[in-house]
Amino acid sequence: MPAVVLVHGLYHRPGHFAAVADRLRAGGTEVVVPPLHRGSLPADTAAVQAAVDALGEPPLLLGHSYGGSVITGVRGAGHLVYLAAFVPDTGESAAALGGASARLRQAIRPGSDGSTRLDPARAAAVLYDDCPEPLATRALALLCAQAPGCGRGVPSHHGWKHVPSTYVVCAEDRAVDPDLQRRLAARCTHVREWRTGHSPFVGRPDLVAGLVRELLAGLPAPSGGTSAR
């Protein structure tokens, strides 16, 4: 079965995808979760591109939120999944498309070095409002500082124009406007809509892992192998 590359969003870390990754690995799927926060969209994209190139076969890429801008610029994917994510077209950035909601912007706190952080008290109600408290608490503890400018980065390649894609609208999202998500979803091959908040990989990992397994079953098997069903 093809591998999976999970791409987190701003302020997040690979650990936020741990529950999804564990479920997929338990079924025999190879999962890579590259760390971002490289300082710019091109640098983040290059980190994910390196992970894809190392796999040797076209993987499924899932990008969450800002991670959608990252996977858009990556070449060599077999399928792109946009989870409450930005799908930039030529000359567009996540910020230009609408960026963070007003509620999320109110949670952002500037640092003396130009970076920003999220106020945990405000972030909890925006990012993890529908997650069980223990899971939300863990997710909040994993949040990290973000370098400036990533959300204004513009991809130089637009994979969704060449590769099958699935958009998942999170209809109760408080961080990225669901109506914006629906407009972006129109750029993708397939669309799903879930009654979840911004972070189903935290509160509903079985739902995310189940979608990934379903999509993997429809991808070509790696060279010389057969696809597990």
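Being a predicted model, the structure only gives us computed values, none of them experimental.
In this structure, the side chains of L10 and S65 stay at 4.5 Å or more apart for every pair of heavy atoms. A 4.5 Å side-chain heavy-atom check between V5 and L60 finds every atom pair outside the cut-off. By the 4.5 Å heavy-atom criterion applied to side chains, H12 and L143 are counted as neighbours. Counting only heavy atoms from C-beta outward, the side chains of L184 and L180 approach each other to under 4.5 Å. Side-chain contact between H198 and H64 is present, with heavy atoms from C-beta onward closer than 4.5 Å. With a 4.5 Å cut-off on side-chain heavy atoms, V154 and P88 do not count as touching. Side-chain contact check for V4 versus V32: every heavy-atom pair is 4.5 Å or farther apart. The side-chain heavy atoms of K161 and T90, taken from C-beta on, include a pair separated by under 4.5 Å.
Pairs passing the ring pair (Phe, Tyr, Trp, His ring centres under 6.0 Å) check and including a residue from residues 132-182, sequence neighbours excluded, read H157-H162. Screening residues 94-103 for side chain to side chain donor-acceptor pair (under 3.5 Å) gives no qualifying pairs among residues at least two apart or on separate chains. Applying the salt bridge (Lys or Arg N to Asp or Glu O under 4.0 Å) test to residues at least two apart or on different chains, the pairs with a partner in residues 196-212 are R23-D206.
Contact detail for V191 and A185: the closest heavy-atom pair is CG2-O, 3.5 Å. When every heavy atom of S199 is checked against every heavy atom of L127, the shortest pair comes out as OG-O, 2.8 Å. Residue L83 comes nearest to W194 through the heavy atom pair CD1-CZ3, 4.0 Å, listed as atom of the first residue, atom of the second, then distance. In this structure, V52 and P59 approach most closely via the heavy-atom pair CG1-CD, 3.9 Å. The nearest pair of heavy atoms linking A85 to G63 is CB-O, 3.4 Å. Here the shortest heavy-atom pairing between A77 and L61 reads CB-CD1, 3.8 Å.
Between the side chains of T137 and Y128, no donor-acceptor pair is found at a separation under 3.5 Å. Inspection of the T166 and H79 side chains reveals an N or O donor paired with an N or O acceptor under 3.5 Å. Residues Q181 and D177 bring no donor and acceptor atom of their side chains to less than 3.5 Å of each other.
No donor-acceptor pair under 3.5 Å is formed between the side chain of S115 and the backbone N or O of G111. Between the side chain of Q49 and the backbone N or O of R75, at least one donor-acceptor pair lies under 3.5 Å. For T189 (side chain) and S165 (main-chain N/O), a donor-acceptor pair under 3.5 Å exists by modelled atom type. For R105 (side chain) and A100 (main-chain N/O), a donor-acceptor pair under 3.5 Å exists by modelled atom type. Side-chain N or O atoms of R117 include none that pairs as donor or acceptor with a backbone N or O of I108 at under 3.5 Å.
Of the inter-residue distances, the one linking T72 atom OG1 with D89 atom CG reads 9.5 Å to the nearest 0.5 angstrom. Separation of atoms CG (D119) and CZ (R109) is listed at 4.5 Å; rounding is to 0.5 Å. Atoms CZ and CG, on R122 and L104 in that order, are 11.0 Å from each other to the nearest 0.5 Å.
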For this session: Give the C-alpha distance, both sets of side-chain angles, the deciding distance and a yes or no for side chain to side chain contact (heavy atoms under 4.5 Å, CB included) between C144 and Y11.
Result: CA-CA 5 Å; C144 62; Y11 303 103; 5.6 Å; no
Problem set entry | CA sep, side-chain torsions, deciding dist, call: L118, L140, side chain to side chain contact (heavy atoms under 4.5 Å, CB included) | CA-CA 9 Å; L118 294 180; L140 287 168; over 6 Å; no
For this session: Verify side chain to side chain contact (heavy atoms under 4.5 Å, CB included) between F201 and L207, making sure each step is shown before the conclusion.
Result: CA-CA 8 Å; F201 51 91; L207 185 62; over 6 Å; no
For this session: Please lay out, stage by stage, how L62 and I71 fare under the test side chain to side chain contact (heavy atoms under 4.5 Å, CB included).
Result: CA-CA 7 Å; L62 183 151; I71 68 171; over 6 Å; no
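For R152, the salt bridge (charged side-chain N to carboxylate O under 4.0 Å, His left out) test picks out no residue, with sequence neighbours left out. For the salt bridge (charged side-chain N to carboxylate O under 4.0 Å, His left out) test, residues two or more places apart in sequence or in another chain that qualify with R192 are E214. With sequence neighbours left out, the ring-ring contact (aromatic ring centres under 6.0 Å, His included) criterion links Y66 to no other residue.
L142 and V7 fall into different hydrophobic clusters, defined by Ile, Leu, Val, Met, Phe, Trp and Tyr side-chain heavy atoms under 4.5 Å apart, directly or through other members. When the side chains of ILVMFWY residues are joined at heavy-atom separations under 4.5 Å, either directly or via intervening members, L219 and V168 end up in a single hydrophobic cluster.
In this structure, E30 does not pair ionically with R25, as no charged nitrogen and carboxylate oxygen lie closer than 4.0 Å. Look at D44 and R38 and you find no salt bridge, because none of the NZ, NE, NH1 or NH2 atoms lies under 4.0 Å from a carboxylate O.
Ring to ring, H37 and H8 are close: their centroids are under 6.0 angstrom apart.
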